[in-house]
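Following: one structure in structure tokens, then a few remarks.
Bear in mind that the values here come from a model prediction, so they are computed numbers and not experimental data. Computed from heavy atoms alone, side chains included, the values below leave out hydrogens, waters and symmetry copies.
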Amino acid sequence: MSAVPPSFSPSSSFISPIPSPSSSTASLTAARTHQHRLNAAQEQRTYRDSCQRLISHISSVSSLCSELRNANQSKFPIFYPMNKPVVQRTKTLDMDVNGSVIMDAVRRSSVQSANHADTFNTQLEQHRLLSHDNTKDLNILGLDLKLGHSSADITTLESKSIANLLNDRLEQSLRHLERLHARIADTSSKVLVTGDLNSGKSTFVNALLKREILPIDQQPCTNIFCEVLDAMLNDGLEQVHAIPSVENYNRLDPETYHIIEMRHLYRVITEDHEQYKMLKIYTNDARTMQESLLHNGVVDIALIDSPGLNTDSVKTTAVFARQEEIDVVVFVVSAENHFTLSGKEFLWNAANEKTHIFIVVNRFDSIRDKDRCKRLILEQIRQLSPATYADADDLVHFVSAGNVDLELGSRKVDAPDFARLEQRLRAFVLENRTKSKLLPAKNYLINLLMDINMLAGSNEKKASNEYAQATMELERDLPAYEHLLRVRDRVLHQVEKVAESTVSSIQIHAQNKLNQAVENIGNAINTIEYPGILLIWQYAQDIADSMVQKLLKDVRQEENHARQETSVCLEHIHSMGQEHLGTYPLAGDVNKMCLKNRDRRVTITVEATDFFDLVLDDKLSGATLSLGAAAMVGGRMLGFKDAVSSIWSVSSMMGGSNVRRWVVPAVGIASVGLMVYIISDMRSAVERKLVKKIKHAVRETCYVEAQSQRMGRESRKILRIEGWEIQNRIQKAIEEKEQKRSETETFAVATCEKAQFFSSILTTSQSLLEKVECIQTDSNLSVKASS
């Protein structure tokens with residue numbers, strides 16, 4: 001038996017061939033309901049899949065950021081590309097030809113059917129990527145030194161300071177990624193209601209709840225974050241939990257919060273808020289799940305009312321930080337004041353993650369020229385958030401929240417504009433969670449990965465160029481280094497050879513000249529006048545001093561000659577050094593040669609024996625020899641016996657007494673003669689004896705050899721000073737060259753490692769970027785794919 005269609009009654013006995021209007025409408029409604037359920041189921045599957053993939057990619061990006069931060073801190077300070085044009089936030093979509101075409105598409109897409117939504121999203125994404133490629137600006141990791149509302153020049157900072165700033169940005173990104181991970185993993189959704197001071201944020205939240213929960217006043221009164229949640233999350237109890245520490249809050253632990261009565265809420269918010277960081281307000285909503293935003297039956301919602309942005313800098317900073325934990329931002333702007341600087345700054349900051357922001361233009365009923373107000377505010381939105389402007393029909397609403405009836409049980413129908421706002425906000429938060437909850441996270445990951453791509457690419461290129469330059473420099477410097485090594489051995493050998501040749505020449509010349517001077521030392525006596533026998537001792541002293549001074553003079557002449565020769569050699573050696581080392585001062589000084597007088601003197605003393613010279617001169621010696629030879633010959637001729645006999649005969653004839661009388665005078669005459677001879681020869685004797693004495697002293701002391709060697713040593717010392725200077729300079733040049741080469745080699749190794757590191761970072765980030773971009777965050781596309 002076949003199944004009976006549900007639109008037919010089993011008891012009917014007649015089936016009309018033409019369906020009735022009521023049955024056709026019911027079938028159409030059922031089909032639509034069935035399709036809606038299928039679409040909802042498909043969207044949930046898409047959401048879960050995209051959610052899991054996003055969580056995985058957030059962990060991968062966190063690891064990548066940690067690796068980049070650690071490298072920046074310890075090993076590879078990140079180079080910040082500062083030669084890129086700065087992007088003005090107010091010109092996110094430039095009004096060029098491409099921009100005009102895209103904005104035309106944007107305007108058309110706001111009024112066209114959903115069939116063209118994917119086309120617009122593609123165009124908008126292409127424009128975003130095109131703008132990014134053209135500007136090369138960093139979104140998340142960009143360094144912007146703020147001085148009030150103006151920016152300082154980052155190029156004035158040192159590289160170390162820039163690396164520290166980048167490290168701070170990476171730390172902020174890591175913290176944000178942790179919050180992003182927790183936010184995506186959280187099944188609930190947080191809706192932040194923020195805006196400028198006294199723009200009607202609390203009034204708007206009350207209008208959404210259809211109850212006067214939050215206190216309102218003509219003056220700004222919200223000074224603390226107020227988070228409104230469904231009372232079902234608090235076991236159905238309506239309570240206000242005043243929380244001193246948000247991190248330690250636990251609903252099940254009363255020690256972590258204070259319960260505040262509803263009637264005291266105004267006082268706590270306006271006056272006693274200093275001791276609390278947040279208020280959690282659990283409230284019931286009697287409306288149906290299809291009407292209530294908090295009690296919706298789909299997902300837990302938290303409505304967070306924040307202090308005004310321009311209340312003070314501390315609260316404004318807190319709101320800026322809080323938006324990173326938020327899934328959906330509802331920005332309330334006064335229709336009377338439009339967007340202030342604080343509001344613009346908030347939207348610019350939020351744009352790094354949230355491309356779509358729900359904007360409520362409140363108190364619109366008080367505006368007289370409503371068309372002009374809409375036009376001006378939409379123009380501001382177009383500049384601040386192009387994606388929001390593109391979906392302005394769904395995301396931008398001009399209402400008056402104060403006109404909503406808040407009486408309990410009231411059945412008064414809301415104004416069409418506000419009813420439409422509620423419907424679109426509910427759809428944005430609940431039905432299109434892939435767009436409201438996941439798209440901001442995806443957008444943040446894309447921006448962050450594109451920043452990492454740019455940093456990694458710039459640093460990889462810079463490191464590769466530095467490595468190539470260092471390698472080229474090493475290759476270009478190698479011949480000069482090897483030339484220095486060859487020069488060191490060759491020049492030092494040549495210097496030693498030239499120096500020794502000069503020293504040897506000086507020694508030989510000095511020895512010859514001094515030997516000649518010693519041989520002619522007697523010529524020094526010619527200049528001394530003989531004073532007579534009475535001053536013969538003084539004469540002897542003068543002779544000794546004259547010969548010593550004469551020899552000393554000759555020695556000094558040789559020293560001057562040695563200086564001249566050494567100076568010539570010194571200049572030659574210096575020119576050899578300058579040929580390879582360039583100009584440098586002369587190190588050796590010939591004026592420092594031979595300065596010690598004690599090394600030159602020969603000392604002789606005059607003695608009494610120096611005045612007597614018993615050795616006959618050559619003539620007397622010859623006569624004596626001749627007389628002796630004649631006597632020998634005569635003795636042989638006459639006979640020795642005859643000679644003795646003759647002498648004896650003569651003595652006999654004279655008698656002994658006569659001989660004795662003649663002997664005494666003869667001896668006296670001989671003595672007087674001898675004395676006269678000695679005295680007359682004393683001048684010659686002393687001259688001869690002193691000349692012999694000084695020559696003997698010179699020979700005994702090896703004076704000539706000692707003086708020539710001394711001059712050679714002095715010359716060698718001066719020449720070696722110059723040689724050592726050349727050696728030291730060459731060695732210093734070699735050491736400097738080796739140190740420079742070592743530094744260059746170390747730098748080349750470091751840059752090679754740096755290039756490899758950033759190349760790896762670039763590859764990883766590009767791969768992650770492709771994976772993140774493939775995550776489905778458009779529910780319309782998923783529904784089309786399923787159908």
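In this structure, the side chains of Glu473 and Lys740 come closer than 4.5 Å at one or more pairs of heavy atoms. By the 4.5 Å heavy-atom criterion applied to side chains, Ser464 and Thr751 are not counted as neighbours. Counting heavy atoms from C-beta on, the side chains of Arg556 and His561 never come closer than 4.5 Å. Using a 4.5 Å cut-off on side-chain heavy atoms (C-beta onward), Pro77 and Lys160 make no contact.
Taking the ring centre of Tyr481 as origin, the terminal cationic atom of Lys737 falls outside the region bounded by 6.0 Å and 45° from the ring axis.
A salt bridge is absent between Lys513 and Asp554; no separation between the charged side-chain nitrogens and carboxylate oxygens falls under 4.0 Å. Using a 4.0 Å cut-off between a side-chain N of Lys or Arg and a carboxylate O of Asp or Glu, Glu725 and Arg729 qualify as a salt bridge. Salt bridge present: Lys693 and Glu607 bring a charged side-chain N and a carboxylate O closer than 4.0 Å. Using a cut-off of 4.0 Å between Lys/Arg side-chain N and Asp/Glu carboxylate O, Lys75 and Glu753 are scored as salt-bridged.
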Under 3.5 Å donor-acceptor pairs involving side-chain atoms of residues 492-501, not counting sequence neighbours:
unit_1, atom_1, unit_2, atom_2, d
Glu500, OE1, Arg716, NH2, 3.4
Glu500, OE2, Arg716, NE, 3.0

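Taking a 6.0 Å sphere around OH of Tyr467, one finds it holds 12 or fewer heavy atoms contributed by other residues, nucleotides or ligands.
Atom NE2 of His509 is separated from atom CG of Leu514 by 10.0 Å, given to the nearest 0.5 angstrom.
In plain terms, the two heavy atoms of Leu141 and Asp451 that are nearest each other are N-OD2, 2.9 Å.
Between Tyr539 and Tyr530, the ring-plane angle classifies as perpendicular under the 30° and 60° cut-offs.
Under the ring pair (Phe, Tyr, Trp, His ring centres under 6.0 Å) criterion, His696 pairs with no residue, sequence neighbours left out.
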